[in-house]
Every structure is written in C-alpha cells, then in structure tokens.
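In each ligand, atom 1 is the first atom listed, and ligand 1 is the first ligand listed.
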Amino acid sequence: MKFELTTGGNKLKAYELQGPGGVDGMMLVEKAVPVPGHGQVLVKLKAATLNYRDLLTVRGGYGSRQKFPLIPLSDGAGVIESVGAGVTIFKPGDRVIGSFFEGWLGGEPSEAKMRSNLGGALDGVLCEYRVWPAAALVRTPDHLTDAEAASLPCAGLTAWSAVVKFGHIKPGQTVLTQGTGGVSIFALQFARMNGARVIATSSSDAKIEKLRQLGADITINYRTTPEWGKLARQQTGRGVDLVVEVGGVGTLNESIRATRIGGTIAFIGVLAGQPHAESRLPLMVMQQQRLQGVTVGSVEDLQAMTEAIAVNRMKPVMDRTFAFTEAKAAFAYMASGAHFGKVAIEIG
Ligand SMILES: NC(=O)c1ccc[n+]([C@@H]2O[C@H](COP(=O)([O-])OP(=O)(O)OC[C@H]3O[C@@H](n4cnc5c(N)ncnc54)[C@H](OP(=O)(O)O)[C@@H]3O)[C@@H](O)[C@H]2O)c1
C-alpha cells in the first residue's frame, strides 16, 4: 500500500530521504495527514526504533526494494487515531504495533508480500501519522512502553523466527548469538525464554558483562578469540544447536565450526563483511547442518511473538532514546555501534 496523502486537513511532520545521500540528505517535511480508507486505520506514531538495515537505506543500499523519496524506518508503535469503513477489530485509542511487511499477513512468503516492507519499498514510520491496513497491526502488550513495542517488528521478529519458528529451540539446547545488536539480544532473550543455554559473543568486555547479566551462560570476546566457533564447540562438547548468524559470510566459517552435527545456522545478516578465502561450507554436508535464511516474518508471526512476550512479561533491552528532533543523531549513534540492544526515537 502507498502512503497516500489527501489535500487539506491537518498537517504531519515526517523525515524524508530525498536520495541516496546519507543521513544528511534526510529532510524534515510537512504533509497532509492521510485519511484511512476501507479496512485501514490512521495511527498516531509514538515511537520508532532503528535497525542496521536503516543505515543501509539512508545510503541507498537496499537495492531494488527501495524507493525515493522515502520515509525511513520500518519499526513503529503508536495509538489508533481513527478507523476507516469496515474496521471492527480496532477503535481509536488502541495501542498498536505495525508489521515490517504490511502485505505479508501469514503463510509462506512471496515476492509480492516481500515488496510490502516499510522504510524500503514503502514509506516507513519516521513520521507523526501513518495509515496501515488494519490487518497489518497487532495490539501492544500492556507491560510494554511504546518505545519497547516499537522494537518488535523487525529486530524482535527476526530473532523470534530464528530461535522459535525455524530453530524450534527446546529446553536444554544451546544457542549461539553474535554481538550485542538488536537481533542478537532478542535472540538471547527468546533462547532463555525457551529454557535454552546461550553462548553470546561481543567485541567489548563491558558489553560482555551486560550479556552475563541478561543470562548468557558462556561469553566470548570475538575480537580477542577469533576462533570463537572452535571454542564454542569445545565448551559444549558436541557443538551448538543453533547459531543466530548476523555476521553473514564473514562469520560463517566459525559458525559452521560452532554448530553440532545436524544443527542449524539461521542466516540473517551482513555485519561481518567479506567471506574468508577458504570456505568451510563443504563441511556442512559432512555434518548434515542446515542453513536457514530468515527474512523477518509475517503479521501472524508478529502476533504469536507478542503473545509470548505478554505471557512471559519479557522486556526488550533498550539502549538510548532520542527525541524526534534528534533523529539524525539517533542514526549517527546507531552507526557508531556503541549501542547494546535497541536505539529508539520518541515521536509523539
Ligand atoms: N534477514 C532479516 O530479516 C534481518 C532482519 C533484521 C536484521 N538483519 C540483519 O542482521 C544484522 C544485525 O542487525 P541489527 O539491527 O541487530 O544490528 P545492530 O543492532 O546494528 O548490531 C550491531 C552490533 O553487531 C555486532 N557485530 C558487528 N560486527 C560483528 C561481527 N563481525 N561479529 C559479531 N558481531 C558483530 C556488534 O556487537 P558488539 O559491539 O557487541 O561487538 C555491533 O554492536 C544486520 O546485518 C541486519 O542487516 C536481517
């Protein structure tokens, strides 16, 4: 769905990327507040959070799925302002979270469903109001703030898909997480929620201390221990059941090393750059390991995850929250890599 603007009426403020010029090319603009059509709702955004992917989009690095001008950021939460005709599941005042893909309601992904991603192919949430199809929203659990709720659509759901939907992690199993960004911290929390043991890595000893406080059983500094995969395998005896691979091809060799025979690598990110010249990929055959690509998830998955978060009263790990007027500073802070968990922007 396109972010259609009406003429007249109230105005909203939105940040807009005019082209692939980096965050300095992001402009604060005024637009008319849209009117929700049939089956749609108008949401007053209260908070948004940043993902690594948003650093790529400001540079125009999100490929053919990205348009300009573009309102960035996929992850937002807020309050329903008004509902269009035919909407009975929500009413004004309801607190809601928007799905990363507003056209992937459930079932298997498809090209069309994946073209409905916010802050890439479609306008995102760094704005005061946005219209959503009612079916693409889930209710915010009562125990979460709006900023915490806004951390769920991409980072939370990607970790959930890796650990629960595809990883099928059970009590007593072992999950390896890489670094202390949004996806990895959620993966640690979901693994613990499911009774699993966690081996967590970081480049920072200070962050490692925080990982321990969050319940990581074994921690490894991947800078000072470049063979962290070998160490993880030794620590577990047979290797881990699941690696949440946010590093990508640059960390895959060590992940294969860390994973047990018959284990899974949930392939998610691109943080670690280039592949090693000597690939360990053939070893995956000998060890019958599974490489599972993960692309966020559907509204149905978001619903299942928020229900689990509500029952367990799980709190997302928030780092800093910036004001709407400080949006550019929030991008710069995210790019610095200093964060532990999620970086948020308060909107309303
Ligand atoms: N496929 C999908 O659906 C999907 C969805 C969400 C995200 N992603 C991808 O997943 C990755 C993580 O996203 P995010 O938003 O969680 O990122 P993020 O919050 O920006 O994570 C940054 C952190 O990652 C860690 N890191 C960086 N390089 C690393 C390396 N070589 N090895 C291990 N850890 C490293 C660092 O942790 P320390 O400071 O502790 O070292 C860094 O602080 C990105 O590549 C993103 O594009 C994919």
Side-chain angles (χ1 to χ4, degrees), residues 49-57 59 61-63 65 73-75 99-101 104 109 113-114 117-120 151-163 165-166 176-189 199-212 214 216 219-226 228-229 232 243-255 258 265-276 291-298 301-302 316-320 330-344:
T49 64
L50 281 82
N51 291 288
Y52 183 78
R53 172 235 200 198
D54 302 313
L55 301 177
L56 301 179
T57 52
R59 297 196 293 262
Y62 206 57
R65 291 197 174 155
L73 305 192
S74 56
D75 290 10
S99 177
F100 180 89
F101 293 110
W104 184 7
K113 289 173 180 178
M114 287 191 164
N117 64 90
L118 273 60
S151 69
L152 301 181
C154 179
L157 190 53
T158 302
W160 172 267
S161 294
V163 173
K165 185 177 168 185
F166 295 117
L176 186 143
T177 61
Q178 300 172 341
T180 56
V183 173
S184 301
I185 297 291
F186 271 114
L188 185 161
Q189 290 179 292
I199 301 181
T201 72
S202 175
S203 59
S204 148
D205 289 338
K207 289 182 175 183
I208 277 177
E209 191 44 47
K210 291 187 183 178
L211 286 170
R212 290 209 184 104
L214 267 182
T219 49
I220 307 174
N221 186 318
Y222 65 82
R223 282 268 157 74
T224 54
T225 309
W228 48 267
V243 173
V244 181
E245 178 62 270
V246 295
V249 290
T251 39
L252 188 56
N253 269 1
E254 282 305 304
S255 296
I265 297 173
F267 202 78
I268 292 171
V270 295
L271 291 173
Q274 297 306 307
H276 290 273
L291 193 59
Q292 172 67 56
V294 176
T295 313
V296 195
S298 65
D301 299 324
L302 183 65
V317 176
M318 308 304 291
D319 189 296
R320 274 181 72 179
F331 275 84
Y333 181 65
M334 181 80 186
S336 77
H339 60 286
F340 182 93
K342 295 301 298 179
V343 177

Short list, please: which atoms of ligand 1 are under 4.0 Å from a heavy atom of [X]?
X: Gly269; result: 9 (C), 10 (O), 11 (C), 45 (O)
X: His339; result: 18 (P), 19 (O), 20 (O), 21 (O), 22 (C)
X: Thr180; result: 37 (O), 38 (P), 39 (O), 40 (O)
X: Cys154; result: 5 (C), 6 (C)
X: Ser202; result: 38 (P), 40 (O), 41 (O)
X: Tyr52; result: 13 (O), 14 (P), 15 (O), 17 (O), 20 (O), 44 (C), 45 (O), 46 (C), 47 (O)
X: Ala272; result: 31 (N)

Please write down residue, atom name and distance for the protein heavy atom closest to [atom].
atom: atom 3 (O) of ligand 1; answer: Val296 N, 2.8 Å
atom: atom 5 (C) of ligand 1; answer: Thr158 OG1, 3.1 Å
atom: atom 35 (C) of ligand 1; answer: Tyr222 OH, 3.2 Å
atom: atom 24 (O) of ligand 1; answer: Leu271 CD1, 3.2 Å
atom: atom 25 (C) of ligand 1; answer: Gly179 CA, 3.8 Å

If you measure every N or O of [X] against every N or O of ligand 1, does any of those distances drop under 3.5 Å?
X: Lys342; result: no
X: Thr251; result: no
X: Val270; result: yes
X: Lys207; result: yes
X: Val183; result: yes
X: Ile268; result: yes
X: Ser203; result: yes
X: Val294; result: yes
X: Arg53; result: no
X: Gly182; result: yes

**Asked** Nearest 0.5 Å, what's the CD-OG distance between Glu245 and Ser184?
**Response**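 Rounded to the nearest 0.5 Å, the CD-OG separation comes to 9.5 Å.
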**Request:** Find the distance between CD (Glu254) and NE2 (His276) and round it off to the nearest 0.5 Å.
**Result:**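 So the gap between those two atoms works out to 7.0 Å.
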For residues [X] and [Y], determine if any side-chain heavy atom of one lies less than 4.5 Å from a side-chain heavy atom of the other.
X: Asn117; Y: Arg53; value: yes
X: Leu302; Y: Phe101; value: no
X: Ser99; Y: Trp104; value: no
X: Asp54; Y: Met334; value: no
X: Asn51; Y: Lys342; value: yes

**Message:** Under 4.0 Å and counting heavy atoms only, is there anything from the protein next to atom 42 (C) of ligand 1?
**Reply:**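 Given the 4.0 Å limit, the answer for atom 42 (C) of ligand 1 is no, no protein heavy atom qualifies.
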Donor-acceptor pair, distance only, cut-off 3.5 Å: does the side chain of [X] make one with the backbone of [Y]?
X: Asp319; Y: Phe340; answer: yes
X: Thr251; Y: Gly248; answer: yes
X: Gln178; Y: Val246; answer: yes
X: Asp75; Y: Cys154; answer: yes

**Prompt:** Which of these, Leu152, Leu157, Thr158, sits in a side chain to side chain contact (heavy atoms under 4.5 Å, CB included) with Phe186?
**Reply:**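 Single side chain to side chain contact (heavy atoms under 4.5 Å, CB included) partner of Phe186 among Leu152, Leu157, Thr158: Leu152.
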**Asked** Where do Ala344 and Met318 come nearest, in terms of heavy atoms and distance?
**Response**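 So the minimum-distance heavy-atom pair works out to CB-CE, 3.9 Å.
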**Prompt:** Of the listed options (Gly181, Gly341, Gly248), which comes nearest to atom 21 (O) of ligand 1 when hydrogens are ignored and any heavy atom counts?
**Reply:**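 Checking each option, the heavy atom nearest atom 21 (O) of ligand 1 is found in Gly181.
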